[in-house]
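Count residues from 1 along the sequence.
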Amino acid sequence: MSARRKHSLSEVLGPLEDEIMQVVWDRGEVTVRDVHEALRARRPIAYTTVMTTLGRLSDKGLLKRTEDQPAHRYSPLLTR
């Protein structure tokens with residue numbers, strides 16, 4: 001039986017997921033708007049794309065979603 005290879009998080013995540021996680025790790029706690037503004041400074045990206053990706057990262061157990069009004073807040077559950 002062969003040894004199981006451990007993958008780094010960047011090998012498992014897609015490019016956009018990885019880019020978003022980098023922003024979340026840098027800031028600690030973010031809203032969709034925070035991440036959208038950070039990514040939009042580098043390239044065009046839709047707000048809804050960022051919102052959907054943050055939701056998926058939360059569903060995968062990588063982010064904690066706090067449902068505040070008026071905006072949900074996300075924080076990392078894993079370190080880099």
Side-chain angles (χ1 to χ4, degrees):
M1 190 186 307
S2 64
R4 204 172 219 190
R5 180 173 179 244
K6 291 188 176 183
H7 296 279
S8 70
L9 196 54
S10 62
E11 291 176 316
V12 176
L13 298 177
L16 179 59
E17 291 174 324
D18 184 54
E19 196 173 1
I20 287 176
M21 286 301 296
Q22 296 301 324
V23 174
V24 176
W25 282 321
D26 287 344
R27 298 184 183 202
E29 185 177 72
V30 297
T31 63
V32 175
R33 183 173 311 283
D34 296 334
V35 177
H36 180 250
E37 288 174 358
L39 297 181
R40 198 180 64 194
R42 300 177 207 160
R43 63 184 171 87
I45 187 165
Y47 181 90
T48 53
T49 300
V50 174
M51 181 174 61
T52 299
T53 306
L54 282 165
R56 288 183 179 159
L57 288 167
S58 175
D59 292 344
K60 290 179 180 182
L62 301 173
L63 296 177
K64 176 185 175 189
R65 177 180 20 219
T66 305
E67 298 185 11
D68 289 337
Q69 292 295 333
H72 298 318
R73 304 195 66 72
Y74 295 86
S75 54
L77 290 173
L78 299 172
T79 61
R80 288 180 200 217

[X] vs [Y] side-chain heavy atoms within contact, under 4.5 Å:
X   : Y   : value
V35 : L39 : yes
L13 : L62 : yes
L78 : L63 : no

Could you report the tightest heavy-atom contact between [X] and [Y], atom names first, then the distance?
X   : Y   : result
P76 : G28 : CD-O, 3.0 Å
Y74 : S58 : CE2-CB, 4.2 Å
L77 : G61 : CD1-O, 3.5 Å

### Query
Do I20 and W25 sit in the same hydrophobic cluster, where Ile, Leu, Val, Met, Phe, Trp and Tyr count as joined when their side-chain heavy atoms come under 4.5 Å apart?
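They do share one cluster, since a chain of ILVMFWY contacts under 4.5 Å joins I20 to W25.
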
### Message
I'd like to check the salt bridge (Lys or Arg N to Asp or Glu O under 4.0 Å) partners of R56; sequence neighbours left out, ordered by chain and number.
### Response
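For R56, no residue satisfies salt bridge (Lys or Arg N to Asp or Glu O under 4.0 Å) once neighbours in sequence are set aside.
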
### Message
Under the rule for salt bridge (Lys or Arg N to Asp or Glu O under 4.0 Å), what residues qualify as partners of K60, not counting sequence neighbours?
### Response
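Residues passing salt bridge (Lys or Arg N to Asp or Glu O under 4.0 Å) with K60: E17.
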
### Pairs meeting criterion salt bridge (Lys or Arg N to Asp or Glu O under 4.0 Å) with involvement of residues 27-37, two or more places apart
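Every pair satisfying salt bridge (Lys or Arg N to Asp or Glu O under 4.0 Å) with a residue in residues 27-37: E29-R73.
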
### Candidate pair L57 and V24, rule side chain to side chain contact (heavy atoms under 4.5 Å, CB included), full reasoning
CA-CA 11 Å; L57 288 167; V24 176; over 6 Å; no

### Query
In Å, rounded to the nearest 0.5 Å, how long is the span from CE of M21 to CZ of R80?
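Answer for the CE-CZ pair, M21 versus R80, is 9.0 Å.
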
### Query
Can you name the side-chain contact (heavy atoms from CB on, under 4.5 Å) partners of E67, sequence neighbours left out?
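Result, side-chain contact (heavy atoms from CB on, under 4.5 Å) vs E67: R65, H72.
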
### Message
For V50, is there any backbone N or O sitting under 3.5 Å from a side-chain donor or acceptor partner on H36?
### Response
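It does not hold such a pair.
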
### Query
How would you list all residue pairs meeting side-chain hydrogen bond (donor to acceptor under 3.5 Å, both in side chains) that involve residues 39-55, not counting sequence neighbours?
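Sorted result for residues 39-55: E19-R42, E19-R43.
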
